[in-house]
Amino acid sequence: DAFAARLVTLLDGSKTEERVVEQLVADLKAGELKPPKEVQPRKWNHERLIERTRSATKDLITLFVRHGVLEADILAE
């Protein structure tokens with residue numbers, strides 16, 4: 001989906017998890033990224049959007065690592 005595809009472009013090893021989440025939230029709020037069905041960036045407050053985006057990001061990274069798409073330590077410290 002669009003969210004997963006955008007996430008992959010941000011996982012270059014130079015960004016922290018927080019920076020990736022911040023960029024995804026900015027893209028969602030700007031309408032530049034189509035949100036997953038259950039995410040409602042125009043209705044949710046910023047904190048809820050951050051938490052849901054962080055959760056989705058962690059879940060997708062776990063999935064990518066499990067399937068060998070990414071290495072486990074892809075995020076910068």
Side-chain angles (χ1 to χ4, degrees):
D1 67 3
F3 188 88
R6 176 65 174 133
L7 174 59
V8 169
T9 69
L10 297 172
L11 298 176
D12 61 6
S14 70
K15 296 171 188 68
T16 63
E17 178 183 321
E18 277 307 305
R19 181 67 191 112
V20 170
V21 169
E22 288 170 5
Q23 184 61 58
L24 289 168
V25 167
D27 291 350
L28 287 166
K29 284 183 157 187
E32 297 173 6
L33 176 60
K34 182 179 178 185
K37 290 179 194 174
E38 66 278 0
V39 176
Q40 300 176 13
R42 299 193 192 276
K43 293 183 179 180
W44 292 357
N45 66 34
H46 185 74
E47 291 76 26
R48 184 173 181 193
L49 188 56
I50 287 281
E51 287 306 312
R52 183 59 184 98
T53 301
R54 182 179 293 116
S55 174
T57 297
K58 287 181 179 183
D59 290 348
L60 282 169
I61 289 172
T62 298
L63 182 68
F64 295 157
V65 169
R66 186 176 3 184
H67 290 283
V69 176
L70 294 174
E71 293 184 19
D73 59 353
I74 191 66
L75 293 170
E77 295 293 320

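Keep in mind that this is a model prediction, so the values were computed, not measured.
The line from CH2 of Trp44 to CD1 of Ile50 is 12.0 Å long, rounded to the nearest 0.5 Å. To the nearest 0.5 angstrom, Leu60 atom CG is 7.0 Å from Asp1 atom CG. Between the CG atom in Leu28 and the CD atom in Gln40 there is a gap of 12.0 Å [rounded to 0.5 Å]. In this structure, NE2 in His67 is found 10.5 Å from OG1 in Thr62, a value given to the nearest 0.5 Å. Summarising the geometry, atom CG belonging to Leu70 is positioned 5.5 Å from atom CG belonging to Leu11; distances are rounded to the nearest 0.5 Å.
Lys29 and Arg42 make their closest contact through O-NH1, 4.2 Å (heavy atoms, listed as atom of the first residue, atom of the second, distance). Closest heavy-atom contact between Arg54 and Val21: CA-CG2, 3.7 Å.
A search for salt bridge (Lys or Arg N to Asp or Glu O under 4.0 Å) contacts involving Arg19 returns Glu22, not counting sequence neighbours.
Residues Arg6 and Glu32 are not paired through a salt bridge, judged by the lack of any N-O separation under 4.0 Å between the basic side chain and the carboxylate.
Side-chain N or O atoms of Ser55 include none that pairs as donor or acceptor with a backbone N or O of Glu51 at under 3.5 Å.
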